[in-house]
Structures are given as C-alpha cells and as structure tokens.
Amino acid sequence: MGLVSRGAAEAGRGAASAVDRPGPPDAVPNPTPTPPAEGADPGSSRPGMVLKAFFPTCCASADSGLLVGRWVPEQSSAVVLAVVHFPFIPIQVKELLAQVQQASQVGVTVLGTWCHRRQEPEESLGHFLEGLGAIFSHRPWFQLCRERGSKSWSCKATHWQGPASPAASGEDQVMLIFYDQRKVLLSQLHPPTALPDRQAGDTTASAGGLAAVFDTVARSEALFQSDRFDEGPVRLSHWQSEGMEASILVELAKWAAGPVCLFLACLLSLISAASACRVFKLWPLSFIWSKLSTCEQLRHRLEQLTLIFSTRKAESPAQLMRKANMLVSVLLDVALGLMLLSWLHRKDLIGQLADALIPVADRVAEELQHLLQWLMGAPAGLKMNRALDQVLGRFFLYHIHLWISYIHLMSPFIERILWHVGLSACLGLTVALSILSDIIALLTFHIYCFYVYGARLYCLKIHGLSSLWRLFRGKKWNVLRQRVDSCSYDLDQLFIGTLLFTILVFLLPTTALYYLVFTLLRLLVVAVQGLIHLLVDLINSLPLYSLGLRLCRPYRLAAGVKFRVLEHETGRPLRLLMQINPLPYSRVVHTYRLPTCGCHPKHSWGSLCRKLFFGELIYPWRQRGNKQD
Amino acid sequence: MEDEQSFSDICGGRLALQRRFYSPSCLEFCLSCPRITLRSLTAVTCTVWLAAYGLFTLCENTMILSAAIFITLLGLLGYLHFVKIDHETLLIIDSLGIQMTSSYASGKESTTFIEMGQVNDVVINEAIYMQKVIYYLCILLKDPVEPHGISQVVPLFQSAKPRLDCLIEVYRSCQDILAHQKATSTSPEGGDKIISASNRRSHSGMGAYWHRQEDKSEQDHDPASRIGHSV
C-alpha cells in the first residue's frame, strides 16, 4: 500500500524530478557486450541495437502510468496496447493481464513506465519508477517520458543485471513508432500476392514484423472492453477508454438478423427443393432449361441468396466480405430492376414494344428474303451455279415463310407474355437482361438454323474436297496411323474421284457464299448476346461492398503501411508515424471478385478462325450442360 | 541535417538530390524530377487545337472545338495526376525497412514499404533501355524458400532515372545502413549473411567492377571482425 500512496502523492503533486538522466538515445553502443539478464529470452537484443516501441496515438496525452502490451523478441519491438494509471495495486494489474492473456491468447505483460509531466521530474519519482521495474520483471524495461505541452519525448530501455547494481545496466536506443489503434484494430492486411509455388504456411512465417503488430492489436480486444466509466480496480487508457463505441443500427440489425435469416433460409430451401423435383428433370424440359440463360441466372441468384441467409456464421473475414458483396450486389440488382420496371410502366413501353415486335419480326424476315433474292441473282457480280443457287435459295425462303407463319400465330399472346416478362424485372436487372438475351435468341432462331445448314453443307464440301484432293495426288488418309499415306488407286476409282472433285470445286463458290453470309449474320447475333452477357457478368461479379469500403473507410483494407518521420531534434529519440497504406482499387476488385457462371469464350482467336474456315460449328459460350459439337 | 546536390538524369535533365540524415539508422533521399516546361505544354496544346481547327474547317461542326478544349483540359489533369512524377523519396530505417514514395504533380502520393526482413541487398544493375545501356538502383528481395536466393528485383527511381554518380551516393549510404543492420541483427545466421553478402558483392559480375574498387578497403578489415562476431 505504501507504494500506491506514495505514487498518488507524487502524481498528485505533479512535481517531477529527473527520473532518468538519459544518455543521448543515439549514443555509441556499449564497448563491452552485456550478457542478457537471466529472465530474458535468448533472442533478445544485443547492445547497440535499436528497439522499436509501437505507441498508440491515443495514449500520447494520457496521464502517467504503466505501459501494458506485448514484447515481440524476434523483431525486438514492443507493442504498447494501453496505459495503466496510478493508483493501482500490482496484484490486480497482474490478475487483469492474466485474464486478458487467457481470453485473447496474446502474451500481454507490463512493459515499462510512462511519464507525462509538466517539468523535470524529481528524484523520488525516479526511484519509485525504478522500483516498479523490480515488481514487474520484464526485460528490456522501457521508460518513456514526455513533457506536457511540448513535443520532446525521451525513452530509455534498460537491461538490469539485478537490483543490486542498477548502474551496470546496458541501455539501448529506442525508436518510437506511433500508430492509430482503432484503425490498426479494424484493418485487415493483404500481403502481396504470393507466387504459386509457395505454400500458405511459408508466407505467414515470413510476413513477420508488421503483421505481428496488426495481429497483436486485433486479438487484444478483451483489453479494450473496459472504459473510464467502469468501476473496475484498474484504470486503463486506450482507444476506447472514452466509452465503447457502437452503432444502434448495427446492434438492431444483429439482433434482428437471427430470426430473419432463419425464416428466409427455410423459404429458400423450400424453393430449391421445389425446383429440384423430378418433373423438371425430364428430357425436353431439362434440355430447354440448360439452353436458357435466364434459368442459369436464376439458379445463380438462388445459390447466392442461400449463402447469404444461411444461419452459419462466417468463419473468416474473406467469407464475411463475400457475403456482404453478394448481398449488396443482389440489392443493387433488384433496385435497378425496379427502376427499369417503373420506367417501362410509366411510358407504357411494354404495350409499344408488343405492338412493334411483330412488324419488326416481319421486317427482319423481309430483309432476309431480299438478301436471298440477291444471292439467287448475281451477288456482287459473281456468277453462281444456277441450279444449286435456286435449290438453296428456295429452301431457305420456305423456312422464312414457315417462321413468319409461326410469329403471326403467336401475335395475340405477345403482349401478355411481354407483360409477365416485364414483371420479372423486379427479380433483378440481370434476370431482365437474361430474358432479353433469350428473346433475341428465340427471335433469331431461323438465322441460327440457316447458319447450321450452311455450315454443315460447307463442312461436308470441304471434307469431300480435301479427301478427293488427296486422291488426285495419289494419297490417302490413314485412320490407324492418323497421317497421310500414299496409296495406289485403280483407274476407275481415279476417274470417278477426279470427276467428283471437279464438280465439288465448281460448286464451291456458291456454297461458300451462302456460308459466309449466314455466318456473318450469326456472328452479329452472337455479338449482341455476348454484350448482354458481359453486362450481366459485370453486375454479378463486381464486389461493390468492398469498393465502397475502400472508398469510405480506406484503412479497413490495407495493402501495407507507410511511415512518416516526425519532427526530430538531435539528442531525442527518432519518432515515426505509421499510417495504413490502402489497397489499390484494382487489387480490391481482383481479390474480392465474386465467382460467376463463367460463361467465357473458351477458344482463342486463332482457333476461332480455324473453325470458321473449316466450317465447324462454333458455340461462343459453353452451355451449362456442356453440350458437345 | 540536410544537404542538397544537383545531378543530371540519363536524358540530360537537371535533378536535385536532397539527403536528410535523421539518425545513424534513418536516412531519407529525395530526388526531384525535371518540371513540366511551358514550351512542351504550349506545343501540345497548339497541336491539339490546330488539328481540331483543321477538322472544323472540314466538318463545319462547332462541337469539335469544344471537344478539343475539353480533351486538352482533361488530358492535362490526367497527366498531372497519373503520369507526371514530381519527386521520388527513399526512406531507409534500420531494422524496419525501406520505403519508396512517388509524389505526382497533382499531390497524389503512392507509397510502397518493404520490410527489412525481406530485403536481401541493394545493388546497382545495368540495363538496356531503348538504345542505351543505363544503370539503375534496385532492391533484391529474399526468397522465403531458399534463404540466400533472390525472388524479386524492385527497381528504384524509375521516373527520375539518375545517372551513375547520383546512384553511387545513394548506394553508399544504403550499404552503410544495411551493414549496420546486419551487424546488429538478432538472427543466428547474421554473421553468415554478412559473409555471403560480401562474397556476392565481389562476384557480382562484370558490370559491378566498382563494387570491388570501392569496397576493397572495407573487405580487408571486415571479415576478421565479422567472423569474430559470429563466433
């Protein structure tokens, strides 16, 4: 008790004496190396080393007391977490630290003393502070001092041989690094992208230094629970000591989240069970579902919603971010869809669209007919083979005629269908865009059919030509060996082969022209659909919550740290300010991208050109059922 | 303490190197790039506007002129904010790490910090740049898999591109601090690292002949004291 009352008296008087006669902090290192004290770690500092003390900026104006934190021997740095003020009972301080240590698995100890005084300190205070060093044995023992109202700091770190000979202590230079405790607590470090041949275990081991500081602060939340309005035995100063901060909305949301999530999870499981029932697995329906991109989008959204509203808590910060990103993406989608719906209804666009759809389809069919008439004549001055031309032209014209009849058959129902489709926009803009893409695919189905006919015909011709060309030269394709071998043909084989070859060669321009025209039309439709899918993918995968966080709270997503040297006077310790370096936007998008359906073109431009040349059918995106060519 | 020297970059422009010595373990170098000149600005603006006027006389559409003004303004702002670097700063803190900051003309700063545990060495390398061979200062990062290997090379002062005399100044100070850091390092293989570093320096290839010349005197004295230290 004597210690406590004396401490109170000293602090109350405010008088101070020279508690430390600091040798200049950048003094030359001890010529004789001091062997480390018995209680110290084997890896602790050697003389002449610079120790680092991470000091929270919130404690820079706190009253004198004890420094509480964690000592990291590998980096020879001390992370100060809080300041314990006078008066205190050492036993209670040790109990509190033991509690915190158990709760947070962080080795929190008393690191040294903190002195915030008005003038030069007194002798007695100096001895008192040194006496504290004997009670809380920690090596090295830090003594930080600051003059009130000025920017001059002094710090000393001592290793003691024992209480009998304090004069033989070795001193080290100390470098002060200030950090904003709240920001470091809330931020999440993103180490630079590891090379693929490294394993995760190695990177955490080598990330070292600053990651350890962030980790220490983040895990010591138990220490920051008590504020100055608590009536506990020990008075602490840290970032929350002015009162715990919380937001009413967040608390309400957390309380309401439980029942709401449960209810929605049940609802969603009902829907998924209904959609997974056997009726939908029958052949025609399953084929149609796999072709429509709307179904894929709906399934994707259902999966995302199931994940968001699942009653299991997120295990890691990455999972939490993913959930938040999905939720914001779904909300934005629905908001955009509702805006689209209101815009459509305000201008009564659905009625206009329905009225315009049939004439547009008619117009497209008419244009196609004109195109075929042109091809049946002398297109671009080329001379076609009249008979084949007429056959192909009449074949396609008949198809168009069929198509127009079907469209006219459906015309009374168009407006109803479109109205219901427009309603689906309230499920989200992505669903509306997928439906648009499917409608385009359905309306241009005849172009797709023409393309397939033209491509098959052309492909057949090309294969025939190549085989007969080999025959012309006296060679043959060896299927067993997968190579071209020479072969001796009979005379009649050669004769017929050459004849057929000539016929095919002269019919080639006609077929090639039809193939070219319909492939171009098909590629145009594919391009339009591709653009729509790109837009849908963008809305699906953009991590909007992470981007918003980066914009509004840049310290939450940290790529690293940056240091600034504060005012420096010779003879005083070096002071640095550690700030958080936020993650650049491109890395935010790259790290937190949501996985999408992944309908990306699978082949490169080279293989695409090759397929076009040989007349193989191209599927620009793989359908979910992985339909083969 | 602070001092300033003037150097030139590889194209002949004037650079100013400011060195701030905070303590034996903390050093800052600030290299200022040549400023944007009125001549180049005027030349670009005149070109863009003449081209726009030429188009205007062809098309008789006044939108082209307003578009040209818009493009010039936006281009200038974008250039100042994303391209033009005003000065580059290198801050070395013994036992913490090395920090590089690039400050753009619009005030934006982009910072990278490399922890000392990842730094293998700071060296001057040669490179073929367009039609020239230039020298550049770079930081070699350690490979976590192989302790003495190098995983990455981080070049410094990429937009200032100073010449060799300036680089040697920076290199010498960096090496002083790195040597001091390795001598007081807590890791048990601290001694080995110093010896291997000095070996690598002496074998580091044809372009690094000045290593041997400059550091020859150091190497004669150092191995003895370092070997004593590691034992």
> How many angstroms lie between atom CD of A:Gln75 and atom CD of B:Glu115, to the nearest 0.5 angstrom?
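Rounded to the nearest 0.5 Å, the CD-CD separation comes out at 7.5 Å.
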
> Checking the side chain of A:Asn581 only, and the main-chain atoms of B:Thr111 only, is there a donor and an acceptor separated by less than 3.5 Å?
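Checked: pair present.
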
> Only counting residues at least two apart or in another chain, list the ones meeting side-chain hydrogen bond (donor to acceptor under 3.5 Å, both in side chains) with A:Arg556.
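For A:Arg556 there are no side-chain hydrogen bond (donor to acceptor under 3.5 Å, both in side chains) partners, ignoring immediate neighbours.
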
> Can you confirm whether more than 12 heavy atoms, excluding those of B:Tyr129, are under 6.0 Å from its OH atom?
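Open.
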
> Has B:Phe70 got more than 12 heavy atoms of other residues, nucleotides or ligands less than 6.0 Å from its CZ?
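No - once you tally the heavy atoms of other residues, nucleotides and ligands closer than 6.0 Å, there are 12 at most.
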
> Distance from B:Asp94 atom CG to A:Leu574 atom CG, nearest 0.5 Å?
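Spacing of CG (B:Asp94) from CG (A:Leu574) equals 10.5 Å.
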
> Return the minimal non-hydrogen interatomic distance between B:Ser95 and A:Val50, and the atom names on each side.
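Scanning both residues completely, I find the closest heavy atoms to be OG-O, 4.2 Å.
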
> Taking 4.5 Å as the heavy-atom cut-off, does anything in residues 72-89 of chain B contact chain A, and if so which residues?
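From residues 72-89 of chain B, none sit under 4.5 Å of chain A.
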
> List the steps and the verdict of side chain to side chain contact (heavy atoms under 4.5 Å, CB included) for B:Thr101 and A:Lys562.
CA-CA 9 Å; B:Thr101 312; A:Lys562 52 189 179 192; over 6 Å; no

> More than 12 non-hydrogen atoms from neighbouring residues, nucleotides or ligands closer than 6.0 Å to NZ on A:Lys183, yes or no?
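Count not over threshold, so no.
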
> Output the distance between atom OH (B:Tyr22) and atom CD (A:Glu567), rounded to the nearest 0.5 Å.
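Rounded to the nearest 0.5 Å, the OH-CD separation comes out at 10.5 Å.
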
> Between B:Ile93 and A:Met175, is a side chain to side chain contact (heavy atoms under 4.5 Å, CB included) present by the stated rule, with each step listed?
CA-CA 10 Å; B:Ile93 308 167; A:Met175 187 162 56; 3.6 Å; yes

